[in-house]
Amino acid sequence: MGYAAARGGLNAILTAENLVRRLRDFDPSDRIELDQFTGRLRLLVDRVMGESGLWAPELAAMALRQGEGDIIEAVHLLRAYKSTLGRLDTAIPVHANDMQLVRRVVPAFREPGGPQILGRSTDYTARMLRTTDHDIIDNGASTSAIEGVLKTRPSNSRMSDVLRDMDLLVDRRRTDDPEPFDITRTPAKPPAPRSALLSSMARAETGALVNQWYRNILGPDGYLHEVTLGEVRHGKLPINVRHPMTGGSVNIGSFRATEVEAIEDLNGSEEDRTRFDVGYGFCFGHNERKAIAMANLDIACYRDGAKSGLEQSLLMTTDGLDSAGFLEHLKLPHYVTFRSMVERKVAVRRVADGSK
Amino acid sequence: MTLDTASHTSPTTIAQLVGHRTTETFALLDEESKREIRRALLQAVCIPGYQVPFGSREMPVARGWGSGGLQVTLACVGVDDAVKVIDQGDDEGVNAVNLRRLVTMSTGIDETTEVDEATLIQSRHRIPEDDMNENHILILQVPVPEPLRGIERDIRELARMHAEADYSRMWVSLYEDKVRNGVITQSTGYPCLVASRYIVATTPIPRWDIPRLHQSKFLTLFGAGREKRVYAIPPYTDVEPLTFEDVPFEVESADGATCRLCGSSESFLVETPGKQESWSCSDTAWCRRRRNA
Amino acid sequence: MTSIIVPSPIIQVRNLGKYYGNFDPAMIERTGPEHGTARDHVTASIVAAWGVNFDVAAGEALGIVGESGSGKSTVLRCIAGDVAASTGDVRLTPFADGSVNILDLDPSARRQLRINTLSVVYQDPAEGLALGVTAGGNIADPLTASGWRNFGAIRDRARELLARTEVPLDRMDDIVRNFSGGMRQRVQIARALANKPPILLLDEPTTGLDASVASGVLDLIRQLLEELQVAAIVVSHDFGVIEMLTERCLVMQHGRVVEDALTDQLLEDPHHPYSQKLVAAART
């Protein structure tokens with residue numbers, strides 16, 4: 001009898017769990033320490049935190065280790081862990097300009113105001129696989145140059161402000177201050193406020209967003225075109241809360257994030273063709289492709305999301321746990337449903353035969 | 001958030017500030033979450049068949065694997081409850097085992113395979129063969145809560161159809177099905193009209209089980225964790241499978257087959273295919289009791 | 001211009017108006033036949049229809065004729081509820097005894113109206129049919145929507161209607177997408193009549209059809225209007241259609257009604273210059 005109808009179900013599960021634990025935790029190689037994840041696999045840790053919606057590098061490392069490197073598994077562990085934690089407080093909103101930059105790229109202009117920092121990036125490195133350790137040599141970049149770059153800097157100007165000053169930007173800033181939509185407490189569905197869309201995308205699966213972007217650019221039913229990027233930023237932002245006694249702002253930590261502003265060329269018949277609009281991308285950690293896809297999709301959704309169904313796709317099909325979970329649930333026993341389907345086929349055949 | 005005024009020193013760390021608030025969680029979820037789920041369930045009971053959205057939490061089981069049913073069970077469970085969990089009618093199915101141990105481990109309550117000993121019955125794809133009554137709550141795991149998914153994908157149009165009770169396209173699809181195939185070919189999850197108002201997806205329970213929902217003595221709750229909705233069929237509610245008055249609703253027929261273990265022909269049977277095809281009860285506990293009786 | 005008074009009207013339309021864009025009361029005076037346009041040059045708004053009044057009696061077919069852009073289809077769509085009217089009062093005797101302005105109905109009530117009281121036949125059959133559904137299924141739709149639950153009875157009624165609209169019964173279970181334009185139109189008419197509505201709106205019912213096919217459909221509609229004694233509104237740019245189907249008609253230009261007369265008399269002796277132009281063109 002197969003897995004589907006295993007007798008002694010508990011024994012089967014315990015055996016499976018033991019196998020996983022045994023082979024994972026007692027592999028002949030050295031156990032991976034958490035600081036090896038955070039220190040040497042930082043992008044993996046950042047991606048897991050981004051898709052979990054939880055900033056906790058050490059926990060993310062634990063989850064990756066327990067999940068044997070499967071990102072979805074690690075995200076599941078983190079989010080399920082988060083479900084057991086009560087919510088203490090809501091941080092005081094922080095302005096993105098408070099970001100201490102370690103990287104800033106502005107493709108739209110040659111010499112934008114404020115620093116352009118290539119920073120820690122492999123964008124312009126030749127992708128040549130290093131098969132030995134022997135060529136870890138100093139490539140000549142001076143120590144002081146490195147130290148200079150590693151210092152974070154405040155960001156002062158951003159492209160959307162510059163465009164606004166040049167009167168080239170549609171002004172969509174709100175004057176009211178609505179509460180942001182909390183997707184962890186209320187499921188978002190169209191028509192949803194922008195904060196619901198942005199927070200859904202901020203913790204969406206990276207591949208899902210990149211694919212949504214790419215298929216809408218090049219796929220058979222696609223209709224998007226690429227944006228010009230105004231800002232690609234990576235840096236640290238503070239976490240501030242209100243002191244319960246004094247009411248003052250108290251800094252309790254910081255987190256890193258990637259922020260993107262995408263400049264959209266408006267060309268629709270009902271749009272202001274003399275101006276641009278901006279899409280926004282933001283996620284935990286260093287994950288540029290996700291934030292760029294998010295920014296392009298944000299503005300695409302604003303322009304055409306309702307008619308095209310893009311809003312529904314983004315809100316309801318980009319979560320990694322939902323998609324992977326539903327897909328893999330097909331492995332569960334389905335013999336009752338299957339038996340019922342077979343019975344209907346017999347019934348249809350009987351009618352067809354009977355009418356001959 | 002208020003300070004513990006009994007403390008002698010002012011807290012200087014976050015940990016001290018929240019220390020008095022951390023409590024052992026009963027049933028995996030914190031109290032606020034459970035309360036939220038119960039509020040959604042109360043709404044669902046007040047509006048039979050209406051899909052109530054709720055802030056579905058991530059559970060230790062994956063989306064699509066019973067996270068919704070689990071949340072409903074955890075929100076309802078109290079220290080005096082006893083839980084039965086089945087999958088395809090089988091208490092020993094691995095997923096049922098996993099869900100059951102999650103419930104018992106986080107609550108300490110009793111588990112059972114017998115319906116008359118249980119108060120909460122969480123099930124995937126079956127209603128137990130035994131009669132249930134006012135002391136039971138049946139909690140069904142729901143993969144897709146939307147009964148109209150086959151005829152419409154746009155979520156706003158679906159909301160409108162339910163809000164306006166505009167189910168005409170559903171009726172047309174039943175007509176077309178009967179015309180094309182000679183029978184209505186919906187296998188499981190047969191669409192039903194609840195309290196003459198909302199059409200619901202009866203999860204993939206077989207048609208065999210549908211008549212048990214009509215005017216039942218027990219409460220049935222439906223949990224869809226991935227889709228983040230719950231709905232309910234309160235006791236003594238009308239549940240009518242959608243069909244034409246001259247097209248009888250057909251439950252699964254086994255052509256006179258009987259269970260090879262207990263001999264029953266009055267229970268839902270599943271087959272073991274092959275040269276010597278054999279049938280057995282899907283409800284293993286019911287079958288075992290019948291054999292031992 | 002005085003309207004012909006109709007005793008016991010089934011349809012009563014007063015001051016029906018529809019504009020697109022921003023509203024400025026003065027824009028009404030700046031648009032219309034005297035200005036040669038429906039577009040207000042000041043606000044750029046379009047006054048698609050304004051100040052439309054008419055009654056329709058039981059068993060009567062009223063025509064609305066004009067070139068494209070005249071507002072005739074707008075009037076029909078406002079009454080049908082496909083377009084939200086900007087202003088006006090429309091009452092239907094078979095619906096709540098004429099006590100309700102149907103322009104104010106919420107979507108649910110409007111749907112009920114369209115199921116049981118008022119049917120529309122569109123120029124493009126695809127607008128009034130589900131192309132992926134069979135001919136019988138398209139008729140089953142309004143029947144089930146009004147509560148029919150007997151499969152046999154639904155089939156019988158569908159056959160009856162398809163026979164009456166001269167659709168071959170052996171095509172009853174074919175999906176409408178596989179039908180020719182003329183056949184699709186006949187199925188649309190069958191569907192519109194399923195619940196025996198007292199009111200029928202027809203928007204350019206034969207305009208999209210080949211000439212050879214159109215005359216057959218036109219003849220069918222003429223027979224049906226006579227048989228069923230519904231109150232009907234027929235919108236067309238084609239005087240041939242208006243002449244064949246209607247006893248009275250309105251002429252519209254740039255959103256306004258310019259003439260309201262018995263169809264025969266209009267064709268014989270049009271008063272308004274625009275009507276004269278239209279009639280002359282039709283005669284050639």
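Just so it is clear: chains get the letters A, B, ... in the order the sequence lines come, proteins before strands, and each one is counted from 1.
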With a 4.5 angstrom heavy-atom cut-off, is it the side chain or the backbone of [X] that approaches chain A, or both, or neither?
X: E252(B); result: both
X: Q88(B); result: both
X: D255(B); result: side chain
X: Q186(B); result: backbone
X: A96(B); result: neither
X: S253(B); result: both
X: L28(B); result: backbone

Does a donor on one side chain sit under 3.5 Å from an acceptor on the other, for [X] and [Y]?
X: S33(B); Y: R57(B); value: yes
X: E51(A); Y: T206(A); value: yes
X: S267(B); Y: E129(B); value: no
X: H162(B); Y: E157(B); value: no

Name the region of [X], side chain, backbone, both or neither, that has any atom closer than 4.5 Å to a heavy atom of chain B.
X: V250(A); result: neither
X: E17(A); result: side chain
X: L78(A); result: neither
X: T337(A); result: both

Name the option with the most non-hydrogen atom pairs under 4.5 Å to chain A; the candidates are [options].
options: D91(B), L269(B), L29(B); result: L269(B)
options: E250(B), R180(B), R156(B), K228(B); result: R156(B)
options: I205(B), D30(B), T185(B), V251(B); result: T185(B)

Of R350(A), K189(A), R349(A), the largest count of non-hydrogen pairs under 4.5 angstrom with chain B goes to R350(A)
If you tally heavy-atom pairs under 4.5 Å between each of S83(A), S340(A), A80(A) and chain B, the highest tally belongs to S340(A)
Less than 4.5 Å apart, any side-chain heavy atom of Q51(B) and any of V230(B)? no
What one should report as the nearest heavy-atom pair of S282(B) and V270(B) is CB-CG1, 4.0 Å
Between F255(A) and F284(A), how do the two ring planes meet: parallel, tilted or perpendicular, split at 30° and 60°? perpendicular
Give a yes/no verdict on a cation-pi contact between R207(B) and Y190(B), requiring under 6.0 Å between NZ or CZ and the six-membered ring centre and an angle within 45° of the axis. no
Notebook entry, point to check: Checking ring-ring contact (aromatic ring centres under 6.0 Å, His included) for the pair Y231(B)/Y50(B): CA distance, chi angles, key distance, verdict?
Noted result: CA-CA 6 Å; Y231(B) 48 105; Y50(B) 171 69; 9.8 Å; no
So does E92(B) pair up with R100(B), basic N to acidic O under 4.0 Å? yes
